[in-house]
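Right, one structure below, let's go through it.
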Amino acid sequence: MTNSTKKLLLIDGNSVAFRAFYALYNQVEKFTNHDGLHTNAIYSFKIMLDKLLKQIDPTNILVAFDAGRTTFRTEKYADYKGQRSKTPQELSEQFPFLREMLIDYGIKSYDLKNYEADDIIGTLAKEAEGEGFQITIVTGDRDLTQLATDQTTVAITKKGVSEIEEYTPEHIEEKFGLNPRQIIDMKGLVGDTSDNYPGVTKVGEKTAIKLLKKYGSIEGIYDQIDEMRQSKMKEHLIEDKEQAFMSKDLARIRQDAPIEVDIKDTEWSGIDYEKLESFYQQMDFNRFLSELHQNQGAASSESASSVAPIDYTELTAANLTELGKSDGSSITFHLEMDGENYHKAPTIGFAILKDDKYFVSNQPQLLKEPVLKELLEKATLDVFNAKRNYVGLNRLGIQMAPVDFDLLLVSYLLNNTDNSDDLGKLAHEHQYYQVQSDEDVYGKGAKRSVPVDQPEFLQHLAHKVQAIHDLKSRLMAELDDHEQTELYETIERPLSIVLAQMEIAGIKVDIDRLMQMRSEFKERLAEIEQQIYQEAGEEFNIGSPKQLGVILFEKLKLPVIKKTKTGYSTAVSVLEKLQGLNPIIDNILLYRQLSKLQSTYVEGLLKVVFKEDSKVHTRYTQTLTSTGRLSSVDPNLQNIPVRLEEGRKIRQAFVPSHSGWQIFSSDYSQIELRVLAHISGDENMQEAFKTGADIHASTAMKIFNLDSPDEVTPNMRRQAKAVNFGIVYGISDFGLAQNIGITRKAAKKFIETYFESFPGVHKYMTGIVELAKKQGYVETLFHRRRYLPEINSKNYNLRSFAERTAMNSPIQGSAADIIKIAMIRMQKMLREKGLKAKMLLQVHDELIFEAPKEEIPVLKELVSKVMDSAVDLAVPLKVESASGDTWFDAKK
DNA sequence: ATTATCACG
DNA sequence: ACGTACGTGATAATT
């Protein structure tokens, strides 16, 4: 697109930087680069600048800055801007870098001694108007609207900087009934509190507009003041005449400042991408870096690929020998599958990097050829996502060789915040751009298509193995710096294979049982539904919180307990408070319960059963949680109902895969509290665990100051249990109060007493928060890290959340470490002992197996031993086991 | 794509 | 005065 007219963009640098700074003020601590420099203002300034460049497409640009506090205005009026508080350090340190960024953008910036940015802008705007420019002035300061003309638009930033409001003369007329020049008169009459100059007493915006409509200007008012009828306002006007003229003079933006730039100097030379790239690197603007690379790529080549092409060999049945022999040395491998669910996604290609040579193919069947199969079973592999590759190869009948480097896993250990599972995106996070994301190559949503027959597909695969290889040494070195090599080599890496094996094994589902439940639930739901309609007096969608809210709180006029941001809350906690007021409540609660079971568990589960083996094969996400726990998807087998009997019956549908076998389950008892007892070193807590006491009862004795366990009532124990949970979660009086229904004051007292009774725990909690503030992260027993950038935030909520996280993560994370160790050892033991038993599921603190009935006693012995001894803590670990014909029956 | 709800540890 | 318990995933409704 070419410009038919010349367009000048004038930006009030200080004003916009202030707006930009406060737009992201609540995240100011999140925006710091590796040198500790705050970057939030630069960041949002840049976003706004890009938007403007795109919208306006200017030929000329200038960013004007204030030169300092003293100007000709302070000479005239010493108190001008006198009440302004000092620019915060977090912002002022950003100005030099902001100017540097402008240079990289090819944009001229300018300041002039004794003048404000406004005056530079006013002067240049006037000059540009004479030369026939279209001018846009961008600022956060409304005073500049006085400069609006037919040629000049003033854009005021709103909502931080994400939106702008454009002031043309027409818009100003519409809004105030004044012309732009009268804005100056208005300022003179009203004054300006933020610039700290006075106006006429008792004259505000409304009065000023009325006066100016009648008299035109301040001069006009005083010319005719004698004719004005007697009033308080007239007295004030006469009294403050001098002030009014002075303020008008202060408000008037100069259009004749002695600037040393002219329009020619503002010609935009365009962005210097190389310099901008290194600037982004300096600022740690990873998002902008990857944008930059994509844009450059799109602009510089017709194939829209931003990466240098790789010289590869396309493998065929005929040229397999070119791969050469396998000597067990390290190769980089990638298996491409089309779809997230690798248990069923078609394998569509693969890539190998061996001895600096790239081999790629869109014929995965080739992997079954002896040369390739042997290579993959004998070599040492570097991969991205070992688990995914293992399952994919397993489906081709290949037993994947040991893995040395797993890019996905290592990257997750280094930093588990925003760890993508897309190779390209993740490489970009590590400032590596010689590979694109799948989304970039394949598209997303409805537009997604994988060009398996095109060279770009093979190129993409080659770039994937190249990226894995290129990132290896750097990331492994970082792992070492973090003291995480052991965590990687002895826990996460072997675990990925154990998880793959568990997923492949799957768990058998009794489909008939589920179908039977489905028709039972269907009948009962229909019945309750009719009752609810009757009680409500009309039919509506019970599943819609919005419609339900209208029925309950408007039609039936039940009291509103809580609101969500979109309307009435109808959550269980609310409905329970309404119980007894109307019989409809009980029915809704029951309906909710049953429809949850029906849709999520009965029907949801039936949808994901594999027809071939009547099993569900979940996928564990090993690189997602910020604490180190696993999660389970498609289906989620870590949230199968257990607390309510009705829901627990779902577990009857999980059965062994062979007749004569049983389900066996083992769980750690209070592992998180035991971990806390260990890492806090609290003697009282350790003592309780060492003597095998009931921990909640013993906590109750402490906080209620009892002498004997016999004095602990069930209610005391319940409250003590809640306190223990609270401690693990990073306690707050509010949370505890809410949970056990006591006042905040009482909760606070509980916590105080708790900390007096367990001083070691108290010391740990304050110590870990302090440590987090100092080093920016916390660690588990095995050096798993969690970064807490918000721990020093000025925003109370963000900071408090980070503080609780600092207390909780080492506990939850260490417990996760421990069960992971147990799983690896357990799998090894099953193999070594030649047992038929299979480990199937992990649910955070429990492991679920299937085994021939006769193996159960052996298994029980073995699992207890392995889980008990997974780590050596200052307190014993306790394991409880059970078995039965279904998962439901594997309970005490 | 986001929100409310509810299932689990 | 503020306004929260920690970690997840699936579903249906709504935008």
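Quick note: numbers below take in every heavy atom, side chains included, and nothing from hydrogens, waters or symmetry partners. Treat the numbers as computed from the prediction; the structure is a model and nothing was measured. A note on names: the letters A, B, ... follow the listed sequences, proteins ahead of strands, and every chain is numbered from 1.
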Select base, sugar-phosphate, or nothing to describe what [X] touches, counting heavy atoms under 4.0 Å on all strands.
X         : result
Val633(A) : sugar-phosphate
Ser595(A) : nothing
Ala722(A) : base
Leu597(A) : nothing
Thr625(A) : sugar-phosphate

Item to complete: Give the rounded distance in Å between these two atoms: NZ of Lys596(A) and P of dT5(B).
Response: 12 Å
Item to complete: Take atom CG of Leu605(A) and atom C1' of dT11(C), then tell me their distance rounded to the nearest Å.
Response: 14 Å
Worksheet item: Quick check: does any side chain N or O of Tyr777(A) sit under 3.5 Å from a backbone N or O of Leu788(A), one acting as donor and the other as acceptor?
Response: no
Worksheet item: Hey, does the side chain of Thr699(A) reach the backbone of Lys702(A) with a donor-acceptor pair shorter than 3.5 angstrom?
Response: no
[X] side chain, from C-beta outward: closest of [options]:
X         : options                 : answer
Arg804(A) : dG7(C), dA7(B), dA5(C)  : dA5(C)
Arg786(A) : dC6(B), dG7(C), dT14(C) : dG7(C)
Ser599(A) : dT4(C), dA5(C), dA12(C) : dA12(C)
Arg592(A) : dA10(C), dG9(B), dC6(B) : dC6(B)
Asn808(A) : dC6(C), dG9(C), dT11(C) : dC6(C)
Ser626(A) : dA10(C), dT8(C), dG9(B) : dT8(C)
Phe801(A) : dC6(C), dG9(B), dA4(B)  : dC6(C)
Thr566(A) : dT4(C), dT3(B), dG9(C)  : dT3(B)
Arg643(A) : dT8(C), dG9(B), dA4(B)  : dG9(B)

Worksheet entry | Centroid separation Phe750(A) to Phe704(A) less than 6.0 Å | yes
Worksheet item: Below 3.5 Å, does any donor atom in the side chain of Arg629(A) face an acceptor in the base of dT8(C), or the other way round?
Response: no
Worksheet item: Does any N or O donor sit under 3.5 Å from an N or O acceptor when you compare the side chain of Gln812(A) with the base of dC6(C)?
Response: yes
Practice prompt. Classify the ring geometry between Trp887(A) and Phe654(A) as parallel (under 30°), tilted (30 to 60°) or perpendicular (over 60°).
Written response: perpendicular
Worksheet item: Taking only side-chain nitrogens and oxygens of Thr627(A), does any of them come within less than 4.0 Å of OP1 or OP2 of dG7(C)?
Response: no
Discussion item. Is the phosphate of dA13(C) approached by Asn541(A) (side-chain N or O, under 4.0 Å from OP1 or OP2)?
Written reply: yes
Worksheet entry | Nearest-angstrom distance, C1' atom, dA7(B) to dT4(C) | 22 Å
Discussion item. Please evaluate residues Arg717(A) and Asp694(A) with respect to the criterion salt bridge (charged side-chain N to carboxylate O under 4.0 Å, His left out), reporting the C-alpha separation (whole Å), side-chain torsions for both, the decisive distance (0.1 Å), and the verdict.
Written reply: CA-CA 10 Å; Arg717(A) 187 178 182 280; Asp694(A) 173 344; 2.9 Å; yes
